[in-house]
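What follows is a short report on a single structure.
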Amino acid sequence: MDDHPPLALHVPEPEWRPGDTPDFSRVEIPRAGSVRRPPVDEDPEAMRDLAFTIIRVLNRKGEAVGPWAGELSEEELLDGLRHMLLLRAYDARMLMAQRQGKTSFYMQHLGEEAISTAFRKALGPRDMNFPTYRQAGLLIASGYPLLKMMCQVYSNEEDPVRGRQLPVFYSSKEHGFFSISGNLATQYIQAVGWAMGSAIRGDTAISAAWIGDGSTAENDFHAALVFASTYKAPVVLNIVNNQWAISTFQGIARGGAGTFAARGHGFGIPALRVDGNDYLAVHAAAKWAVERARRNLGPTVVEYVTYRVGGHSTSDDPSAYRPKEESTAWPLGDPILRLKAHLIGLGAWSEERHAQAEAEASDTVRTAQREAEAIGTLQTGRRAGPRDMFEDVYAEMPPHLVRQRHEAGY
Amino acid sequence: MDDHPPLALHVPEPEWRPGDTPDFSRVEIPRAGSVRRPPVDEDPEAMRDLAFTIIRVLNRKGEAVGPWAGELSEEELLDGLRHMLLLRAYDARMLMAQRQGKTSFYMQHLGEEAISTAFRKALGPRDMNFPTYRQAGLLIASGYPLLKMMCQVYSNEEDPVRGRQLPVFYSSKEHGFFSISGNLATQYIQAVGWAMGSAIRGDTAISAAWIGDGSTAENDFHAALVFASTYKAPVVLNIVNNQWAISTFQGIARGGAGTFAARGHGFGIPALRVDGNDYLAVHAAAKWAVERARRNLGPTVVEYVTYRVGGHSTSDDPSAYRPKEESTAWPLGDPILRLKAHLIGLGAWSEERHAQAEAEASDTVRTAQREAEAIGTLQTGRRAGPRDMFEDVYAEMPPHLVRQRHEAGY
Amino acid sequence: MTMIEAIQNAHDLAMARDDRVVVFGEDVGFFGGVFRCTAGLQKKYGKSRCFDTPISELGIVGAAIGMAAYGLRPCVEIQFADYMYPAYDQIVSEAARLRYRSAGEFTCPIVIRMPMGGGIFGAQTHSQSPEALFTHVTGLKTVVPSTPADAKGLLLAAIADPDPVIFLEPKRVYNGPFDGHHDRPVTSWRTHAMGEVPDGYFETPLGVASIVQPGDALTILTYGTMVHVALAAVQETGIAAEVIDLRTLLPLDRETVMESVRKTGRCLVLHEATLTSGYGAELAAQVQADCFYHLEAPVARVAGWDTPYPHAQEWDYFPGPARVARQMRALMEA
Amino acid sequence: MTMIEAIQNAHDLAMARDDRVVVFGEDVGFFGGVFRCTAGLQKKYGKSRCFDTPISELGIVGAAIGMAAYGLRPCVEIQFADYMYPAYDQIVSEAARLRYRSAGEFTCPIVIRMPMGGGIFGAQTHSQSPEALFTHVTGLKTVVPSTPADAKGLLLAAIADPDPVIFLEPKRVYNGPFDGHHDRPVTSWRTHAMGEVPDGYFETPLGVASIVQPGDALTILTYGTMVHVALAAVQETGIAAEVIDLRTLLPLDRETVMESVRKTGRCLVLHEATLTSGYGAELAAQVQADCFYHLEAPVARVAGWDTPYPHAQEWDYFPGPARVARQMRALMEA
Ligand SMILES: Cc1ncc(C[n+]2csc(CCOP(=O)(O)OP(=O)(O)O)c2C)c(N)n1
Ligand SMILES: Cc1ncc(C[n+]2csc(CCOP(=O)(O)OP(=O)(O)O)c2C)c(N)n1
Ligand SMILES: [Mg+2]
Ligand SMILES: [Mg+2]
């Protein structure tokens with residue numbers, strides 16, 4: 001045995017660090033329209049290839065091509081564009097508000113707007129999402145009021161969760177948006193449980209689980225795949241691969257597997273890998289997976305390939321661990337510009353109308369912001385009060401909490 | 001959405017329950033010798049097929065055939081046979097001892113003897129196993145004294161772990177056998193950590209992780225595969241699929257995946273599926289996986305297909321949840337009889353010598369048992385004492401424990 | 001009726017009366033649980049209301065939380081309390097805080113049952129009493145019955161409760177009361193006065209302790225198996241102690257506890273869990289705060305030693321009647 | 001130097017002096033940790049001694065246990081104490097009991113570092129103080145520094161310790177002492193007397209408390225951020241309290257604690273963790289037991305309310321100097 005050379009630890013490293021010039025030319029991106037679209041009831045083993053490619057609809061010329069195209073009407077696409085513009089404008093304003101000290105913290109979606117906004121359009125009204133902090137597009141695309149979102153970010157008196165949660169940890173049962181947890185991945189198995197509940201009751205509602213590339217390493221991810229696989233739960237298991245987990249590149253979580261979608265194969269769960277910056281591709285893949293769940297064919301893993309253009313959060317400065325140029329070098333482009341080009345190509349859109357739509361989006365945001373700030377921010381105005389602090393720990397406040405509330409003076 | 005038929009929960013069920021007649025004829029068992037043996041450095045993707053078949057060496061006639069044969073000398077095979085006979089004889093005596101109230105609990109290996117005994121022979125002296133309670137063959141095949149094993153089972157004064165652990169929870173650093181935990185699966189990631197440690201130090205020692213089919217559902221299993229995959233840890237990830245987890249058949253843990261070996265594919269880890277009742281096949285697969293680890297090529301998942309012939313433990317009665325006939329109907333036969341037939345075919349063994357070897361094995365066990373019982377059992381003789389109870393909680397006993405020990409009167 | 005039968009019966013009644021109640025866990029389906037607490041439920045209510053799960057405590061609790069958010073009322077089993085740790089994150093970070101963080105929009109009416117405690121030669125991983133790891137977590141309710149009737153009534157109340165309830169079952173008294181005299185023949189609940197269990201559906205309210213033995217010399221605060229040990233010690237010492245079975249650890253029935261201690265002026269806290277940072281610490285802290293001017297002696301604690309639960313030395317570890325009696329006498333002399 | 005620099009320096013010295021020391025966790029490698037406590041270590045000691053891990057606290061601790069069994073001395077980081085739960089099983093069932101269950105054959109000399117406590121508007125998942133969940137687990141040692149010098153000396157002692165040590169870092173005082181007056185300008189350790197940190201390698205022994213402010217009117221038992229809150233309250237009340245920084249919660253420096261309370265006759269326990277079953281309960285239980293006949297008043301506890309740690313209401317939740325002062329006065333009047 002000791003005639004063997006010494007072992008050595010393999011620690012994956014990103015190709016580029018600050019100072020290097022990122023070059024994605026070697027990264028092979030399948031041509032738009034080139035990936036087949038199997039029937040939803042095809043045998044998972046026969047679909048393995050779909051976890052090692054990238055389903056894309058919009059080509060370089062902005063045309064929608066291939067078997068995954070043609071799902072959405074012009075009107076729906078224009079809606080989608082407006083949702084992405086609104087989300088981006090909202091993020092921009094809230095980032096600034098945080099810098100101005102109006103709240104403590106914020107997390108943006110820059111570059112990832114297509115995923116949550118397009119996915120939402122593939123769901124029915126009674127379906128439930130179990131999101132992370134980076135899917136606010138689910139709320140925007142379902143018509144949840146911006147004002148309420150801002151009140152949550154400001155933790156003011158109108159905050160639906162009464163100032164208790166970190167900014168962006170929204171919750172809306174009515175809009176199919178499960179309360180966000182600060183503990184990564186915990187929602188993944190809960191989504192499976194929700195879907196099992198629907199199946200147990202003979203309901204038709206399904207659920208969608210959301211997780212980031214880095215968080216797939218967590219315990220809950222495994223439990224979710226085990227339970228979803230065993231009970232054929234009607235759930236869509238979404239993995240948003242935005243290449244980074246704070247300062248850690250996706251290779252650390254992915255390890256030797258070619259892709260995150262491949263994780264599904266260990267469980268016999270069909271897996272799709274999709275261009276996350278292509279609104280049409282995201283929607284088509286989502287629709288396919290939702291249909292599988294709805295027809296009681298079981299879970300689907302969907303990996304969205306995208307890029308986290310901004311910092312992880314307002315507490316993070318990515319220039320410390322990755323080249324500034326990486327996001328511009330990133331080969332899948334910007335989801336808004338790509339959909340815009342497509343719509344212009346269709347003759348349904350123009351530079352002028354786009355500029356106008358951008359202006360409208362930021363007006364909408366500004367108006368909501370004025371209203372929100374008229375109510376209050378984390379530091380000023382009418383804020384969530386200390387009395388709220390003691391409510392909802394239990395349905396009925398037990399004696400020891402009543403005593404503590406009195407001791408606190410409320 | 002509501003025009004869809006209602007969903008329904010899918011709950012996997014074993015094919016047979018008490019009262020049914022098990023019929024494995026539809027279960028397709030690959031012919032011995034029919035599975036290819038790739039070079040250890042072959043690309044994992046190119047080896048996917050090896051997770052969906054069964055590597056077998058001994059055919060019905062008892063001949064060793066195919067590319068996985070020819071690893072072991074007659075002498076080594078005779079050793080192997082003796083190890084299995086000894087383990088079986090030991091189990092039989094200890095089961096009886098438990099029934100006689102000499103200890104509280106016992107777990108046997110009936111039908112699974114080949115796996116741990118053959119695997120041990122593929123390891124080097126400095127390698128480390130992280131076993132479950134069903135791999136005592138690792139100790140027997142490495143020459144660990146039966147007497148010590150019995151003292152542990154009896155929790156007597158000579159118990160190496162001083163009466164603290166449940167019977168069969170052995171520990172021997174010297175024999176490459178990590179202390180057994182009552183918490184399933186926790187050892188799996190620890191084995192990966194141990195292997196990473198060896199790699200960090202530029203050592204040549206590798207580790208072997210052990211887990212049962214049911215326990216693959218645990219969190220630790222996922223963490224182990226993630227870390228092993230990312231850091232290419234020199235570890236063999238063994239999964240002993242004995243078809244049952246107490247009363248729960250393997251389909252509940254396996255879910256939609258065809259096999260447990262397939263779990264490795266989600267991580268780009270090569271996976272072998274092996275006839276666990278075929279001493280030669282187990283050893284050949286183990287050697288192949290150990291070689292990969294030793295050459296720093298990273299982890300290998302190995303699934304051993306076997307059958308838990310006995311109850312889960314002395315607290316379990318399988319007739320409540322599976323047909324009594326299932327174990328005899330089980331198509332892979334008995335590991336001892338199969339190796340015996342092979343050796344007789346080689347002209348190296350005979351019925352007489354076998355009968356004699358069985359007698360020797362039970363003599364060896366009886367002798368050790370007399371010695372062990374002369375020291376003490378759980379109820380009688382010199383037993384692990386209360387003073388031992390307070391030792392080894394910390395390297396140095398802190399004041400509060402000293403105080404408690406005095407209060408206890410020691 | 002044994003405590004096991006009482007628990008099985010409670011499941012049966014809850015499932016019959018509310019079809020949102022679902023039951024699952026390791027080996028609980030076809031087999032009916034390694035302790036048989038769910039025997040017959042799958043046959044009666046079908047596989048989608050009572051089923052086996054993979055060996056993933058995280059999965060069991062995480063799925064239950066999702067089902068509760070959907071609108072079901074899962075009552076799940078963790079095979080031994082010693083194996084709840086893989087689910088601890090889902091219990092602490094999710095179940096306990098879901099109502100709070102969503103301001104009541106999503107709630108978590110689940111029951112997590114688990115056998116606790118030693119006395120069965122189960123060694124360090126089949127003997128633990130982790131109640132203090134739950135009482136420290138706000139948002140949870142923690143319940144420990146000591147008799148079949150309480151097990152039934154408290155479990156029915158727990159299943160009906162709108163919030164997550166940790167239901168700890170003292171396995172050593174599953175089949176009969178055990179007073180710590182391991183060398184004496186075991187009595188079955190079937191032949192024991194405390195083994196009486198009312199028929200039909202009834203709830204024993206959470207948060208209400210029961211005085212199982214009135215007295216004025218000293219107060220013993222305990223729960224689970226130790227209730228029976230306390231009663232034995234009282235009998236053997238002849239000291240007129242008042243034995244209070246807390247039944248619910250959180251929320252605590254503070255009135256009953258303090259009233260008793262103010263009356264007796266002496267207090268002994270008894271549990272099987274390890275001493276340091278055990279629930280007895282909280283009881284002692286509250287009693288000395290509320291009854292300081294009534295106390296004739298410091299609040300005493302008798303508990304498991306601060307070691308893992310050993311196998312061979314089980315009876316040296318287990319806080320039996322002799323240790324309790326010694327402490328009671330010491331308290332009376334103080 | 002700041003506490004962050006002191007912790008980074010301790011890592012550096014430990015790695016330089018013992019090549020068995022390895023450091024890993026989420027974002028600790030190239031980036032040097034989200035709080036920068038491991039900055040520069042990967043560059044200096046290489047990727048196989050300091051590296052990033054997948055987001056699996058279980059994996060981090062489980063792998064560390066395996067490495068320790070192999071013969072290394074891992075010092076790992078959990079990004080926030082609020083995220084230790086996925087690793088809790090490995091900590092409680094494995095690290096804490098490995099020496100015991102193998103009778104010393106396999107040991108677990110690991111350090112698990114984690115930032116704890118609130119005061120940074122981190123809400124319920126970046127503010128928790130879970131120390132009581134560790135002090136209840138025998139086999140673990142639990143340490144909480146309150147100054148840069150102690151952070152360095154205690155961390156070096158923890159890394160050198162033969163048993164698993166939970167090292168909780170009060171993140172609110174990473175950069176400077178914080179006395180709870182959130183409306184006042186923050187001072188940096190660099191310009192503060194308590195910011196002095198000796199150069200070079202030294203160990204501050206575990207299990208030894210420090211009297212940060214002598215006094216005879218009453219004893220305040222506390223640790224971490226709350227040490228500074230206590231000092232502020234003492235100053236503002238003018239009550240001559242003795243402030244004891246426990247530094248190590250387990251094993252507890254019982255002599256120092258009891259000697260002080262016997263002297264002062266009054267005791268206030270202060271921590272940020274939720275009150276019920278918090279570590280303060282254990283302290284109160286021990287103090288009333290050991291000092292009963294010296295106590296002029298019941299042991300009082302000031303702690304976080306029994307709610308999750310809220311976002312907007314952070315300063316209503318945080319047990320600041322006003323609450324402490326009120327309780328001190330009440331104790332003096334008792
Ligand atoms: C259990 C747990 N561990 C660690 C963290 C700290 N943390 C917050 S976000 C994050 C990175 C997550 O990365 P990824 O899953 O890829 O999602 P992304 O932020 O890229 O959308 C980490 C480590 C946490 N919140 N919860
Ligand atoms: C974490 C944990 N959960 C549950 C148990 C109870 N338990 C002990 S053995 C067992 C079945 C294990 O089955 P498998 O992994 O297939 O191993 P086998 O017994 O068949 O060898 C269970 C559920 C445990 N010991 N630990
Ligand atoms: Mg990411
Ligand atoms: Mg099994």
Side-chain angles (χ1 to χ4, degrees), chain C residues 57-58 82-93 96-97 100-101 123-125 128 130-139 249-250 252 269 273-293 295 297-301 304-308 310 334, chain D residues 57-58 82-93 96-97 100-101 123-125 128 130-139 249-250 252 269 273-293 295 297-301 304-308 310 334:
Chain C
E57 292 74 15
L58 185 161
D82 315 59
Y83 306 138
M84 69 85 180
Y85 303 105
Y88 197 58
D89 188 34
Q90 285 284 345
I91 295 171
V92 173
S93 308
R97 297 204 303 258
Y100 191 79
R101 77 179 200 227
Q124 59 186 264
T125 57
Q128 296 170 37
E131 64 272 16
L133 302 179
F134 298 117
T135 54
H136 187 43
V137 179
T138 192
L249 307 191
L250 196 103
L252 175 69
V269 176
T274 51
L275 177 76
T276 302
S277 279
Y279 188 59
E282 179 60 32
L283 291 170
Q286 287 194 31
V287 167
Q288 65 89 33
D290 286 23
C291 308
F292 186 75
Y293 300 100
L295 283 174
V299 180
R301 289 185 286 168
W305 307 117
D306 284 335
T307 75
Chain D
E57 293 73 19
L58 185 160
D82 316 59
Y83 306 139
M84 68 85 181
Y85 303 105
Y88 197 58
D89 188 35
Q90 285 284 343
I91 295 171
V92 172
S93 308
R97 297 204 302 258
Y100 191 79
R101 76 178 201 228
Q124 61 186 263
T125 57
Q128 295 170 36
E131 63 272 17
L133 302 178
F134 298 116
T135 55
H136 187 44
V137 179
T138 193
L249 308 191
L250 196 104
L252 175 68
V269 176
T274 50
L275 176 76
T276 301
S277 280
Y279 189 59
E282 180 61 33
L283 291 170
Q286 287 194 32
V287 167
Q288 66 88 35
D290 286 24
C291 307
F292 185 74
Y293 301 100
L295 283 174
V299 180
R301 289 185 287 169
W305 307 117
D306 284 334
T307 75

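Here the structure is a predicted model, which is why all the values come from computation and not from measurement. Chain A is the first sequence line, chain B the second, and so forth, proteins listed ahead of strands; every chain is numbered from 1.
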Ranked by heavy-atom pairs below 4.5 Å to chain C, first place among D/L252, D/T307, D/V299 goes to D/V299
Highest number of heavy-atom pairs under 4.5 Å with chain C: which of D/A334, D/A132, D/A297?
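Among the listed options, the one with the most contacts to chain C is D/A297.
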Contact origin within [X] toward chain C - heavy atom pairs under 4.5 Å:
| X | value |
| --- | --- |
| D/Q128 | side chain |
| D/R101 | both |
| D/F292 | side chain |
| D/L250 | side chain |

Sorted by chain and number, sequence neighbours left out, ring pair (Phe, Tyr, Trp, His ring centres under 6.0 Å) with C/Y83 holds for C/F80, C/H126
Taking C/P310, C/P130, C/G278, C/A87 one by one, which has the highest count of heavy-atom pairs under 4.5 Å against chain D?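 Heavy-atom pairs under 4.5 Å are most numerous for C/G278.
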Greatest number of non-hydrogen atom pairs under 4.5 angstrom with chain D, of C/L58, C/V287, C/T138, C/V92, falls to C/T138
### Task
Could you tell me whether the side chains of D/R97 and C/Q124 share a donor-acceptor contact shorter than 3.5 Å?
yes
Next item on the list: Tell me, please, which residues at least two apart from D/E131 pass salt bridge (charged side-chain N to carboxylate O under 4.0 Å, His left out).
Entry: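 Applying salt bridge (charged side-chain N to carboxylate O under 4.0 Å, His left out) to D/E131 gives none.
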Does D/D306 reach the main-chain N or O of D/L275 with its side chain, forming a donor-acceptor pair under 3.5 Å?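 Pair found, side chain donor or acceptor close to backbone of D/L275.
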Test item: D/L133 and C/Y88 side chains (from C-beta on) under 4.5 Å apart, heavy atoms |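 Side chain of D/L133 against side chain of C/Y88, heavy atoms only: contact under 4.5 Å found.
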Is the shortest heavy-atom distance from the side chain of C/I91 to the side chain of D/Y85 under 4.5 Å?
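The answer is no, as the side chains (C-beta and beyond) never meet within the 4.5 Å cut-off.
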Select one option (side chain, backbone, both, neither) describing which atoms of C/S93 are under 4.5 Å from chain D's heavy atoms.
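The side chain, not the backbone.
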Separation between CG (D/L249) and OG1 (C/T276), nearest 0.5 Å, reads 12.0 Å
